[in-house]
Amino acid sequence: MHSDFLQISPRISVLPVIHGSGDFAVQVRQTMLSGQFDCLAVPLPPSFQTGVEEALEILPGVTVVTQLSGGPSFSATDWTPESDADEPEPENSARVLSYVPLDPCQPVITALRIAVQERIPRYFIDLETAEFQSVTHGLPDAYSLKRLPVERFAASMLPMIPKLPNGQPQQRVLRMAQRLRELEQKHERILLVCSILEWPWIKAAYHSADNSPMEDEAVEETTTYIVEPQTLMFMLGELPYITGLYELARRELNDDENLSLDGIKELLVEARTKYKADLKQQAREITPHLLATYFRYVRNLCLIERRMTPDLYTLIVAAQQIAGDQFALHLAELAKEYPFTVPLGLDSITFGIDQARLPGGDVVPATNRLPGQPIEWRHCELQRKASSQEKQRWQMQWNPYSQCSWPPEDVAIENFRTHVKNSALTLLGNDLAKSEKFSTSLMDGLDMRETLRNWHTGDLYVKLIPPTRGNLDCVVMLFDSPADPRDYPWRITWSAEHTDESTLALFATDFQKEMVGPGIGLANYGGAMFLFPPRHIPEIWDDPRLDYTTTLEERVLAAACLHSHEKHIALLSESPPGIAWKRIAQKYRKKLIHVPLGRFSQAMIQQLRLVHVLNGQKVRSYAAEFIRKA
């Protein structure tokens with residue numbers, strides 16, 4: 001039963017909506033299917049009725065019904081030779097396009113679809129205007145409808161609804177009120193679906209004594225176009241992906257009441273899947289914990305902007321901060337995808353910010369006849385992924401005789417090498433720990449194992465860890481073991497550029513297959529050996545002394561044992577060294593200290609494995625413009 005508060009008269013009910021809102025589209029459907037109405041009135045002029053109702057049959061394919069105004073003005077005069085020479089060129093008045101979007105999330109379009117389905121008469125009651133003047137105002141988040149009845153939502157808006165400007169907006173309201181009086185003579189249960197900014201003024205005009213006739217302006221015929229898929233973002237009220245979910249739920253009879261939020265979760269999950277499939281090993285691990293952090297960040301940004309649901313800018317900024325540019329790009333690309341885009345044999349129109357390009361190539365200002373929330377366009381800088389043509393050109397320009405590393409990555413991997421070395425020294429000291437009965441000092445802490453073993457005696461035992469003797473000058477990191485040689489064709493030994501760097505021998509993926517900029521390639525470490533302090537060593541991949549090894553890992557380990565000056569070698573790997581690796585160490589009278597890879601954050605390890613290769617030191621001057629972490 002429709003609320004008495006939303007009654008204009010005993011025969012006329014009004015449902016105020018926010019145009020372009022999926023939540024209000026759901027509310028319209030619930031109201032129309034639960035009530036009994038014999039007439040639907042919408043705030044569109046009669047000239048659009050035929051085009052809009054024909055376009056309803058094309059849904060879920062998104063179209064627009066357009067109407068042009070303005071154009072060249074001509075006058076008929078008698079021709080003379082003198083007038084032909086002196087007559088100025090005709091002045092062209094600006095052409096303006098007004099359009100009705102056939103958007104599945106438009107409440108008015110939803111009402112028309114249901115009216116057609118239920119065979120309810122439909123009336124377009126707005127004033128015919130050649131140049132439509134849009135009226136917008138900041139409105140509350142439509143998600144409030146989940147907890148608030150529509151009549152309370154409308155009542156809470158009354159103090160904030162501004163008065164309509166003089167001129168066309170007020171004339172339109174008067175015309176709609178007059179048409180409602182006419183419809184009241186023929187129908188008993190009329191439903192008016194209109195903007196929440198217009199309904200109190202329509203009600204006031206209905207009860208006023210102003211019956212002055214409103215004359216329709218001369219207008220051109222309407223034209224229906226299909227919208228270019230890449231520009232749906234500029235025309236739809238909701239994100240194209242979310243709009244597709246609403247239409248999919250309608251087709252499959254699924255619940256769509258919470259799609260304004262659940263759809264964002266689906267968007268994130270599918271973006272994560274495409275991100276992993278595209279970047280493969282280079283992709284960050286988007287864990288449930290990271291997604292929870294992302295949604296908390298989105299919530300905080302929404303609260304700062306006084307919103308309940310996020311807009312696209314909020315989603316992209318949060319994705320960039322939490323998971324990097326590439327994930328944010330995948331999210332942005334997926335958000336503008338609409339799954340029901342199909343060729344319809346109609347001419348296409350391309351939308352931009354408040355403008356549109358017609359099939360003939362003319363660009364004209366565009367005005368939506370069902371304006372929703374005011375839109376604010378903001379700037380967000382993301383590093384795009386290079387196209388295949390750009391990658392091919394950069395590969396052809398590569399100089400094979402010049403390459404170097406990217407200094408910020410050198411600092412990160414050297415800091416990590418130092419951390420692994422210190423962890424190995426700690427483990428070496430733990431192996432020499434002793435236990436003794438507690439007397440006067442706790443030494444290096446309580447030895448719980450020995451204390452429990454002697455629980456029956458009532459004595460306490462403490463640990464005594466002697467100072468570590470010796471040092472480590474070699475760290476081996478094996479990120480992927482067993483490593484497939486076909487995955488890691490790039491093998492090289494790099495000398496240090498200064499005393500703060502290690503001598504580095506590595507095997508990695510082919511950086512030329514993943515070009516990220518001119519003279520910038522991206523590889524993925526499979527394994528590496530670090531010698532510090534740095535010193536010159538022969539190329540380990542050509543050294544005949546190491547030809548007895550059979551795998552990439554064995555060759556790196558053998559080179560570490562061969563060139564290390566210390567007795568111990570730190571080994572970072574997922575599993576402890578096997579018999580073959582221990583035999584290699586014993587051959588050179590070395591001992592491997594295993595540091596488990598699982599002790600470190602997998603997200604950090606994934607980022608450390610990325611190595612950018614530059615085509616000479618000159619590339620360092622601009623490499624920061626192209627290098628962004630995934």
Side-chain angles (χ1 to χ4, degrees), residues 275-276 279-287 290 324 326 405-406 408-424 427 472 474-494 501-514 516 521-532 540-541 546 549-561 564 569-578 580-582 584-585 592-613 627 629-630:
Y275 168 71
K276 288 183 177 179
L279 296 184
K280 299 180 175 63
Q281 293 183 350
Q282 298 173 14
R284 291 187 183 184
E285 189 67 25
I286 310 295
T287 61
L290 193 64
Q326 291 302 317
S405 59
W406 173 234
E409 291 177 344
D410 294 341
V411 173
I413 198 71
E414 287 295 337
N415 290 339
F416 184 64
R417 176 199 61 80
T418 303
H419 186 45
V420 173
K421 169 190 168 182
N422 294 336
S423 298
L427 292 173
L472 293 174
C474 185
V475 175
V476 176
M477 301 181 189
L478 300 177
F479 300 108
D480 186 8
S481 180
D484 189 341
R486 295 169 295 183
D487 295 336
Y488 302 103
W490 183 46
R491 302 156 197 173
I492 196 172
T493 300
W494 270 352
E501 282 187 357
S502 305
T503 299
L504 173 63
L506 61 93
F507 60 91
T509 58
D510 187 0
F511 61 87
Q512 288 194 341
K513 290 185 177 179
E514 188 61 39
V516 298
L522 177 61
N524 209 19
Y525 280 121
M529 176 196 75
F530 297 84
L531 283 175
F532 188 84
I540 72 167
W541 304 102
L546 305 176
T549 58
T550 58
T551 65
L552 299 176
E553 300 98 309
E554 289 180 0
R555 195 173 191 96
V556 170
L557 279 171
C561 295
S564 175
I569 295 173
L571 172 62
L572 176 71
S573 63
E574 189 172 354
S575 56
W581 293 0
K582 290 181 179 179
I584 293 175
L592 303 177
I593 303 177
H594 178 244
V595 180
L597 191 62
R599 295 182 59 176
F600 304 97
S601 165
Q602 293 305 304
M604 180 189 69
I605 294 295
Q606 202 167 21
Q607 292 302 303
L608 288 172
R609 290 185 64 183
L610 299 178
V611 52
H612 288 87
V613 184
I627 296 177
K629 291 299 183 182

Quiz item: Just one of Ile413, Thr509, Asp480 clears the side chain to side chain contact (heavy atoms under 4.5 Å, CB included) bar with Arg609, so which one?
Solution: Asp480
Distance (rounded to the nearest 0.5 Å) between [X] [atom1] and [Y] [atom2]:
X	Y	atom1	atom2	answer
Tyr525	Ile605	OH	CD1	12.5 Å
Leu290	Arg284	CG	CZ	8.0 Å
Leu572	Ser481	CG	OG	11.0 Å
Ile569	Cys474	CD1	SG	5.0 Å
Ile593	Leu472	CD1	CG	5.0 Å
Met529	Leu504	CE	CG	8.0 Å

Quiz item: Mind checking whether Phe600 and His419 have ring centres under 6.0 Å apart?
Solution: yes
Quiz item: So, for Trp490 and Phe507, is the gap between ring centers shorter than 6.0 Å?
Solution: no
[X] versus [Y]: any side-chain heavy-atom pair under 4.5 Å?
X	Y	result
Leu608	Gln606	no
Val611	Asn524	no
Leu478	Trp581	yes
Trp406	Leu522	no
Pro482	Thr551	no

Self-check item: Criterion side chain to side chain donor-acceptor pair (under 3.5 Å) on Tyr488 and Asp510, from CA distance to verdict
Solution: CA-CA 7 Å; Tyr488 302 103; Asp510 187 0; over 6 Å; no
Self-check item: Distance-minimising heavy-atom pair for Leu592 and Leu557
Solution: CD2-CD2, 4.3 Å
Self-check item: Side-chain donor-acceptor pair present, Ser502, Arg417, cut-off under 3.5 Å
Solution: yes
Practice problem: Mind running side chain to side chain contact (heavy atoms under 4.5 Å, CB included) on Met604 and Phe416 for me, showing each step along the way? | Solution: CA-CA 10 Å; Met604 180 189 69; Phe416 184 64; 3.6 Å; yes
Quiz item: Thr550 and Glu554: side chain to side chain donor-acceptor pair (under 3.5 Å), yes or no, with the steps?
Solution: CA-CA 7 Å; Thr550 58; Glu554 289 180 0; 3.1 Å; yes
Quiz prompt | Stepwise side chain to side chain donor-acceptor pair (under 3.5 Å) check, His594 with Ser573 | solution = CA-CA 7 Å; His594 178 244; Ser573 63; 3.2 Å; yes
